[in-house]
Amino acid sequence: MPRSVQEMLRRFCLALLLAACSSPAYANVAPPTPTPAPATHTSAPTATASRTAARTATATASATLTLSNSPTPVCVERKGLVIADQLDSGTLNYPIELQIYLPPCYKIYQRESYPVLYLLHGQEMNEKTWDEIGAGATADSLINSGDTSPLLVVMPRERKDDRFGEALVNDVLPYIDSRYRTVADRDHRALGGMSRGAGWALHIGLQHPDLFGALGLHSLAIFYSDETEVSRWLNKIPPDLMPRFYIDIGDNDSLLVSADWLDGALTRRDIAHDYHLSPGSHTRAYWAEHLPDYMRWYTANW
């Protein structure tokens, strides 16, 4: 082969070789997937994350509720508290002063409600008289011994006003039931009094048997204006609303005839009642001596 032809052939092969090296032999192969950079923003929570968060929140709330339901605190008080209070009476147009006995632990046991005993004082006395002769101390003793259940004792002042009965019903009872923790029904509400206060208890209780389930009449002084009314009031009371009656008086009391008359009126009608004639007269010493008996009787059904 001529040398010139050999040289041309050599150059042609070299050209083919150079063309093959520069061609894109891997053009159809996908490039490798780049590794993503770490995220630098906060993404929205996924459904799984939301459910997990919800379960965590619910568990935390339940634990909180359980912890807030603390047990009833233990109270070791053995003495109640007698406080002074007063209310504006729309019936009388002047305030009514009150002494109120709160049983031991009243301020500790916030969920407890209590029966109420209303005690009315006698003539020339005031709202402090019942406690002065030992009402609060007697209640403390009997509650601590378990002889009576805890109760409130409300002792209002009566100023020789003929409207007092109306004021007790329309003003005092709603005030006490709204401001203090009471069991506000007749079965857990009693009314009693000494002397003129017993006359008021009879006067009010017979006209409102739906409000008072028990009447305590200690050294009873029936009002002159009520002498012809008591029989009529008794006759009107249906058997299921007839209150319990407790009558007591000293055998040397000048008002013995009043207590005897009521005893006879109840007996003739077959109305159950307690009648106690005891040694003594119309004195504070007599009422103080019998206070434990009174308290036991008032609270017997509580």
Side-chain angles (χ1 to χ4, degrees), residues 96 98-101 115-127 129-131 133 135 151-173 176 186-227 229-234 236-237 241-250 253 255-256 258-263 265-266 271-276 282 284 286-287 290-291 293-302:
I96 298 177
L98 307 166
Q99 290 277 296
I100 302 173
Y101 167 81
V116 187
L117 168 61
Y118 289 84
L119 288 178
L120 310 180
H121 61 78
Q123 190 167 316
E124 308 305 330
M125 303 177 193
N126 58 40
E127 75 280 6
T129 302
W130 274 106
D131 190 52
I133 68 171
L151 75 160
L152 301 185
V153 183
V154 178
M155 298 159 277
R157 177 182 292 190
E158 188 268 312
R159 297 179 179 272
K160 299 181 183 178
D161 192 317
D162 291 342
R163 301 170 297 170
F164 176 75
E166 182 182 352
L168 183 74
V169 170
N170 294 334
D171 301 330
V172 178
L173 264 65
I176 294 297
R186 73 178 297 274
D187 292 333
H188 296 88
R189 187 187 293 127
L191 176 63
M194 61 172 74
S195 189
R196 176 180 170 87
W200 269 120
L202 185 68
H203 177 91
I204 298 168
L206 293 186
Q207 295 184 78
H208 299 279
D210 57 318
L211 297 180
F212 302 98
L215 303 179
L217 313 169
H218 316 301
S219 305
L220 172 64
I222 297 178
F223 299 157
Y224 294 128
S225 58
D226 285 352
E227 289 180 354
E229 297 295 324
V230 170
S231 294
R232 182 173 66 85
W233 292 335
L234 285 172
K236 288 179 60 178
I237 299 175
L241 287 182
M242 187 63 68
R244 298 164 53 227
F245 292 92
Y246 184 103
I247 308 167
D248 77 289
I249 196 164
D253 195 313
L255 296 177
L256 184 55
S258 186
D260 279 344
W261 182 87
L262 182 60
D263 171 52
L266 296 175
I271 297 173
H273 62 286
D274 292 296
Y275 182 42
H276 301 274
H282 205 80
R284 291 191 179 202
Y286 169 85
W287 300 314
H290 294 281
L291 258 173
D293 297 329
Y294 301 163
M295 288 287 185
R296 289 189 185 96
W297 181 82
Y298 283 120
T299 61
N301 293 341
W302 296 343

* Show your reasoning for whether side-chain contact (heavy atoms from CB on, under 4.5 Å) applies to L151 and Y298. => CA-CA 10 Å; L151 75 160; Y298 283 120; 5.8 Å; no

* To do: List the steps and the verdict of side-chain contact (heavy atoms from CB on, under 4.5 Å) for I96 and E127.
  => CA-CA 10 Å; I96 298 177; E127 75 280 6; over 6 Å; no

* E124/K160 under salt bridge (charged side-chain N to carboxylate O under 4.0 Å, His left out): CA gap, chis, key distance, verdict -> CA-CA 9 Å; E124 308 305 330; K160 299 181 183 178; 2.6 Å; yes

* Hey, mind stepping through L220 and I249 against side-chain contact (heavy atoms from CB on, under 4.5 Å) and telling me if it holds? -> CA-CA 7 Å; L220 172 64; I249 196 164; 5.9 Å; no

* Could you go step by step and tell me if V230 and W261 meet the side-chain contact (heavy atoms from CB on, under 4.5 Å) rule? -> CA-CA 11 Å; V230 170; W261 182 87; 3.8 Å; yes

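Considering all non-hydrogen atoms of both residues, M242 and F245 come closest at SD-CE1, 3.9 Å. Smallest separation of non-hydrogen atoms from G193 and W130: C-CZ2, 3.9 Å. Closest of all the heavy-atom pairs between A214 and P243 is N-CB, 4.2 Å. Taking every heavy atom of both residues into account, R157 and N126 meet most closely at NE-CB, 3.9 Å. Nearest heavy-atom pair, A201 versus L215, reported as atom, atom and distance to 0.1 Å: O-CD2, 3.9 Å.
In this structure, R244 contributes its side chain and W297 its backbone to a donor-acceptor pair below 3.5 Å. For the pair Y101 (side chain) and M155 (backbone), a donor-acceptor distance under 3.5 Å is absent.
With rounding to the nearest 0.5 angstrom, the CG atom of L202 is 5.5 Å from the CG atom of L262. For the atom pair CZ of F164 and CG of L120, the computed distance is 5.0 Å after rounding to the nearest 0.5 Å. How far OG1 of T299 is from CG of L117: 9.0 Å, rounded to the nearest 0.5 Å. With rounding to the nearest 0.5 Å, the separation of NE2 in H208 from CD1 in I237 is 11.0 Å. Atom-to-atom distance recorded for L173:CG and F212:CZ is 4.5 Å, nearest 0.5 angstrom.
Taking the side chain as every heavy atom from C-beta outward, H276 and Y246 approach each other to under 4.5 Å. With a 4.5 Å cut-off on side-chain heavy atoms, L255 and S219 do not count as touching. At a threshold of 4.5 Å between non-hydrogen side-chain atoms, the residues V153 and D131 do not count as touching. The shortest side-chain heavy-atom distance between D274 and D248 does not fall under the 4.5 Å cut-off. Counting heavy atoms from C-beta on, the side chains of I133 and M194 come closer than 4.5 Å. Taking 4.5 Å as the limit, some side-chain heavy atom of Q207 sits within range of a side-chain heavy atom of W233. Side-chain atoms of R284 and T129, non-hydrogen and from C-beta on, do get closer than 4.5 Å to each other. Taking the side chain as every heavy atom from C-beta outward, V154 and L98 approach each other to under 4.5 Å.
Using the six-membered ring where Trp is involved, H203 and W200 have ring planes that are perpendicular, over 60° apart on the 30 and 60° scheme. In this structure, Y294 and H218 have parallel ring planes: the angle between them is below the 30° cut-off, well short of the 60° mark.
Identified under the side-chain hydrogen bond (donor to acceptor under 3.5 Å, both in side chains) test for residues 187-198, with sequence neighbours left out: E158-R196, D177-R189, D185-H188, S195-H282. Evaluation of the salt bridge (charged side-chain N to carboxylate O under 4.0 Å, His left out) test over residues 293-302, restricted to residues two or more places apart or in two chains, returns D147-R296, D293-R296. Contacts classified as salt bridge (charged side-chain N to carboxylate O under 4.0 Å, His left out) and involving residues 210-226 (residues at least two apart or in different chains) are not found.
Ion pair R163/D161 flagged as a salt bridge, since at least one NZ, NE, NH1 or NH2 atom sits closer than 4.0 Å to an Asp/Glu carboxylate oxygen.
Checking D263 against H273 by side-chain atom types alone, a donor-acceptor pair falls below 3.5 Å.
Applying side-chain contact (heavy atoms from CB on, under 4.5 Å) to Y118 and the options L211, I204, I176 leaves one that passes, I176.
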